[in-house]
Amino acid sequence: MPELPEVETVRRGLRPLLIGRTFTSAGTHPSAKFTPAVHTVGTTVADIDRRGKYLLVALDDHRSLVIHLGMTGQLRVDPADALPDPYDRAWWTLDDGRRFAFRDVRRFGRIAVVGTDLRSLPTLAALGPEPFDPVFTPQSLWADLHRSQVRVKTQLLNQRVVAGIGNIYADEALWRARVHPASRSVSRPAAARLHGAIIAVLTQGIENGGTTLRDYRTVDGGSGSNQYRLDCYGQAGEPCPRCATIMRRQVIDARGTTWCPACQRR
DNA sequence: CGCAGCGCCTGAAGGC
DNA sequence: TGCCTTCAGGCGCTGC
């Protein structure tokens, strides 16, 4: 599932391929999740940014093409003679003849085109701080978590306390900070550890080009390597890398969750 | 306004 | 071998 490190890796791969290119035609799957893509025809890509898990393709008319990869989304730039994939949900012809494609088997992804003000898209307006932004501090994390009784892991996933975390990096950060995922309150020292752990696991994820468990691919079709560096996610039944206690898995607020019952106490 | 619950999707994997 | 069921889960929407 593409989270911040995966989207950031895609962003970095896409920039040299798309910046300066003009969309000369576009087509989509009939779902309204993808049809807005056609409104970019005739524009030129000025830059590619990211906000949380959203890819922001800045266009030369000051609008932005916003792409969320959902669960199974992939972005590719193919040669002119490449065969289209049956799971391509949106595709653009570029002025150099190549083809830009958004492949998304489960169709959990979506596309929007917005004007100058990105906040006009409610989902972007509601997003919490970027984890690498200086406004995201141990104090702000504690204060935001403290405001709600919702379980800490669920708050990390809701994109309002901080943007960009999904199930993999939530489990990793909580493990690293030694915080129980189902906790409904977190001490100041625990929030400080969690703040550092969030930044650390996301930084490591970016450095490793993302986590490829199944669908996630880089722009060139390659895999990331962070799946070989996971301490917690998917490690249920294995010994904890820190204390050797067998790691446990349980569904918490409808999300599969793995933690160490010894290191991560309530 | 906060939040719980539901629906969207389909391939993979497991059971019989 | 083949059919059926279950599972994975981010997010938009609805309604309390």
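On a predicted model such as this, the values are computed, not experimentally measured, just so you know. Chain letters run A, B, ... following the sequence lines, proteins first, then strands; residues in each count from 1.
The side chain of A:Gln159 places an N or O atom within less than 4.0 Å of a non-bridging phosphate oxygen (OP1 or OP2) of C:dC11. In this model, the phosphate group of B:dG11 is approached by a side-chain N or O of A:Tyr87 to a distance below 4.0 Å at OP1 or OP2. Side-chain N/O atoms of A:His68 include none lying less than 4.0 angstrom from OP1 or OP2 on C:dG10. Phosphate proximity of C:dC11 to A:Lys53: present, with a side-chain N or O under 4.0 Å from OP1 or OP2. Dashed line: the shortest gap from a side-chain N or O of A:Tyr233 to OP1 or OP2 of C:dG9 is under 4.0 Å.
Side-chain to base pairing of A:Arg214 with C:dA8: no donor and acceptor N or O lie closer than 3.5 Å to each other.
For the residue pair A:Gln204 / A:Asn226, a side-chain donor-acceptor distance below 3.5 Å is found, with atom types taken as modelled. Inspection of the A:Tyr233 and A:Thr211 side chains reveals no N or O donor paired with an N or O acceptor under 3.5 Å.
Within the nucleic acid shown, A:Arg249 comes within 4.0 Å of sugar-phosphate atoms alone, with no base atom in reach, counting heavy atoms only. A:Thr72 comes within contact range of no nucleotide atom at all, as no heavy-atom separation falls under 4.0 Å. In this structure, A:Phe34 reaches neither bases nor backbone, as no heavy-atom distance under 4.0 Å exists between it and the strands shown. Nucleic acid contact for A:Gly109: none, since no nucleic acid atom lies under 4.0 Å from a heavy atom of the residue. When heavy atoms are screened at a 4.0 angstrom cut-off, A:Arg255 is found touching base atoms of the nucleic acid.
Set against C:dG9, B:dG2, B:dC8, the side chain of A:Asn167 has C:dG9 as its closest nucleotide. Of the candidate nucleotides B:dC9, B:dA4, C:dG12, B:dC9 has the atom lying nearest to any side-chain atom of A:Lys33. In this structure, of C:dG10, B:dA4, C:dG12, it is C:dG10 that holds the atom nearest to the side chain of A:Phe108.
The line from CZ of A:Arg11 to CD1 of A:Ile48 is 8.0 Å long, rounded to the nearest 0.5 Å.
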